[in-house]
Amino acid sequence: MYKASDPRKGGRPPFDAVLMFKVLVLQQFYNLSDDQTEFQIRDRYSFCRFLGLSPEGRVPDAKTIWVFRERLKQLALTDQLFGQVLSQIDAAGFTARKGQIVDAALVPVPCQRNRRDKNARIKAGDPPQEWSEAKRRQKDVQARWTQKHGQSHYGYKNHLSVDNQHKVIRHYAVTSAEVHDSQVFERLLDERNSSGDVWADSAYRDQTREQALARAGYRSHIHRKGSRKRALNEREQAANRKRSKVRARVEHIFAQQANRLIRTIGIARAEVKIGMMNLVYNMRRLAWLTG
DNA sequence: CATTAATGCTACGAGATGGA
DNA sequence: TCCATCTCGTAGCATTAATG
């Protein structure tokens with residue numbers, strides 16, 4: 001799937017694609033910048049051994065890593081890589097079971113320091129033309145602010161579904177942070193789960209969705225929300241507490257990897273980074289499951 | 001020599017730091 | 001508190017290296 005050129009024509013041979021993929025895995029695992037990754041590969045024996053390189057030999061340059069990630073973006077290969085890991089997890093016997101949990105994690109990026117008028121124009125989809133080309137490519141015009149629990153967050157959102165048995169990420173979707181969780185719910189549903197149970201917090205609650213889920217054979221455990229007109233009664237509250245118990249067991253797993261700042265600029269690159277984040281999470285999960 | 005990818009160079013943004 | 005300056009990081013073009 002990753003083959004750019006015709007080897008008969010000659011040209012400088014690239015680093016092995018599998019090697020480069022492993023570099024990205026290391027980078028994500030230890031949360032390193034491109035330059036740090038290059039440095040640490042040279043510096044750490046364990047990295048070299050994992051990659052099958054010798055520290056005296058040639059090691060991919062920071063830019064080579066960047067260019068490789070850029071290639072993944074252009075060819076839209078992140079999803080395929082994620083899928084490959086997923087099918088290996090399935091093959092190891094950890095197929096999706098006992099229902100699924102849908103949730104979203106915020107992925108912060110460095111806050112923009114724009115003036116108010118510029119921000120208004122960016123939000124309207126009209127980024128300032130007076131910025132020089134060099135400046136424009138350093139400005140993220142796709143990240144957005146959002147509120148959660150009374151706090152402001154800036155960046156993107158990693159929407160995902162996890163199976164309840166193994167806590168493996170089965171589907172994910174990346175949007176800017178302002179997109180409401182509820183808007184991508186259907187894309188995340190995993191129809192291959194052996195159980196039709198679905199848990200989610202009250203942000204996803206919606207009358208037509210409940211009906212659609214039931215028609216499709218799912219059993220919804222989405223939290224009920226109270227309204228100003230009518231608070232939840234005793235029985236509904238008890239049901240919500242029961243649902244929370246299932247969701248609480250994934251929250252702390254996300255906590256360890258969520259809220260990790262990424263520094264890429266634009267949503268396309270954020271997608272690659274977040275895809276790798278989810279992929280590496282699944283790899284760790286598989287390692288934990290196999291002991 | 002043509003071709004391809006690795007790497008060098010440079011511009012730039014954001015956050016940290018430290019002095020006035 | 002303000003702001004100059006330093007550090008770290010990304011982006012993209014220019015240049016160089018390695019192949020048939």
Side-chain angles (χ1 to χ4, degrees), chain A residues 1-44 47-48 51-78 106-123 127-146 151-156 174 176-177 259-277:
Chain A
M1 65 182 179
Y2 175 86
K3 239 321 170 253
S5 56
D6 182 357
R8 281 173 306 182
K9 282 185 186 167
R12 185 172 181 168
F15 279 99
D16 179 44
V18 176
L19 170 84
M20 292 308 293
F21 170 70
K22 286 163 88 174
V23 169
L24 290 195
V25 169
L26 275 183
Q27 175 176 44
Q28 186 58 52
F29 198 96
Y30 293 98
N31 196 21
L32 303 169
S33 70
D34 291 348
D35 282 287
Q36 272 298 308
T37 309
E38 176 189 351
F39 176 79
Q40 296 293 343
I41 290 169
R42 278 185 217 286
D43 203 50
R44 295 200 203 181
F47 278 24
C48 279
L51 299 171
L53 297 171
S54 81
E56 302 81 38
R58 258 168 18 100
V59 160
D61 181 87
K63 281 314 309 240
T64 306
I65 299 169
W66 186 83
V67 168
F68 182 78
R69 196 175 326 98
E70 197 67 2
R71 181 81 62 86
L72 290 189
K73 183 196 89 179
Q74 257 145 23
L75 302 177
L77 290 176
T78 327
L106 288 162
V107 182
V109 303
C111 299
Q112 298 281 305
R113 301 196 287 195
N114 300 324
R115 297 198 167 282
R116 193 159 286 181
D117 56 324
K118 300 266 195 310
N119 267 337
R121 284 163 64 188
I122 289 166
K123 200 168 179 189
Q129 298 298 318
E130 64 268 30
W131 284 349
S132 73
E133 202 137 312
K135 178 167 183 161
R136 223 176 308 160
R137 62 194 181 213
Q138 296 297 329
K139 300 293 276 180
D140 193 329
V141 294
Q142 292 170 316
R144 289 289 183 275
W145 287 99
T146 193
Q151 280 190 318
S152 291
H153 301 270
Y154 184 72
Y156 295 94
V174 177
S176 73
N259 287 341
R260 189 179 269 194
L261 184 82
I262 62 171
R263 293 194 151 83
T264 53
I265 295 167
I267 192 166
R269 288 171 175 141
E271 272 171 8
V272 178
K273 275 278 182 186
I274 292 170
M276 284 303 297
M277 190 190 279

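Note on naming: letters A, B, ... go to the chains in the order of the sequence lines (proteins, then strands), and numbering restarts at 1 for each one. Computed over heavy atoms, backbone and side chain alike; hydrogens, waters and symmetry mates excluded.
The interatomic distance linking Phe39(A) (CZ) with dG9(C) (C1') rounds to 16 Å, in whole Å. Atom CZ in Arg12(A) sits roughly 18 Å away from atom C1' in dC1(B) (whole-Å rounding). The distance between atom CZ of Arg69(A) and atom P of dT10(C), rounded to the nearest whole Å, is 7 Å. Summarising the geometry, the separation between CG on Asp140(A) and C1' on dG9(C) is reported as 14 Å, rounded to the nearest angstrom. The separation between Trp131(A) atom CH2 and dA11(C) atom P is 16 Å, rounded to whole Å. Put simply, CG on Asp16(A) is 15 Å from P on dT19(C), counting in whole angstrom units. Rounded to a whole Å, the CD atom of Glu70(A) is 15 Å from the C1' atom of dA6(B). Taking atom CG on Asp34(A) and atom C1' on dA6(B), their separation rounds to 14 Å, with Å as the unit.
OP1 or OP2 of dG9(C) sits under 4.0 Å from a side-chain N or O of Ser33(A). The shortest distance between the side-chain N/O atoms of Arg269(A) and the OP1/OP2 oxygens of dG12(C) is below 4.0 Å. For dG12(C), the OP1/OP2 oxygens have no side-chain nitrogen or oxygen of Trp66(A) closer than 4.0 Å.
A distance-only check finds no donor-acceptor pair linking the side chain of Gln74(A) to the backbone of Leu72(A) [under 3.5 Å]. No donor-acceptor pair closer than 3.5 Å links the side chain of Gln27(A) to the backbone N or O of Thr37(A).
No side-chain N or O of Asp140(A) forms a donor-acceptor pair with one of Tyr154(A) less than 3.5 Å apart.
The pair Arg137(A)-Glu133(A) fails the salt-bridge criterion, with no side-chain N (NZ, NE, NH1 or NH2) lying under 4.0 Å from an Asp/Glu carboxylate O.
Closest contact between the side chain of Gln36(A) and the listed nucleotides dG9(C), dA11(C), dT10(C) involves dG9(C).
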Could you list all N or O pairs between the protein and nucleotides 2-6 of chain C that sit under 3.5 Å apart?
none

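For the atom pair CG of Asp16(A) and NZ of Lys22(A), the computed distance is 8.5 Å after rounding to the nearest 0.5 Å. In this structure, Ile65(A) CD1 and Gln36(A) CD are separated by 11.0 Å, a value rounded to the nearest 0.5 Å. With rounding to the nearest 0.5 Å, the separation of CZ in Arg58(A) from CZ in Arg42(A) is 10.5 Å. Note that the CG atom of Leu26(A) and the CZ atom of Arg44(A) stand 9.0 Å from one another [nearest 0.5 Å]. The line from CG of Leu51(A) to CD1 of Ile41(A) is 5.5 Å long, rounded to the nearest 0.5 Å. Atom NZ of Lys63(A) sits about 9.5 Å away from atom CG of Asp35(A), to the nearest 0.5 Å.
For Phe15(A) and Phe68(A), the distance between ring centers is not under 6.0 angstrom.
Residue Gly266(A) is the one, among Pro13(A) and Gly266(A), whose nearest nucleotide of DNA chain C lies closer to the 5' end (criterion: closest heavy atom). Checking Gln27(A) against Arg58(A), the closest nucleotide of DNA chain C that is more toward the 5' end is the one next to Gln27(A).
If one axis is set at each end of the helix from dC1(B)-dG20(C) to dA20(B)-dT1(C) from five pairs, those axes are 20° apart, to 10°.
Residue-level contact check: Asp35(A) touches the bases, meaning some heavy atom is under 4.0 Å from a base atom.
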### Query
When you check every protein heavy atom under 4.0 Å of nucleotides 8-17 of chain B, what one-letter string (B, S, -) results, 5' to 3'?
B--BBSBB--

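Screening Thr64(A), Val23(A), Leu24(A) for a side-chain contact (heavy atoms from CB on, under 4.5 Å) with Arg69(A), the sole residue that qualifies is Leu24(A).
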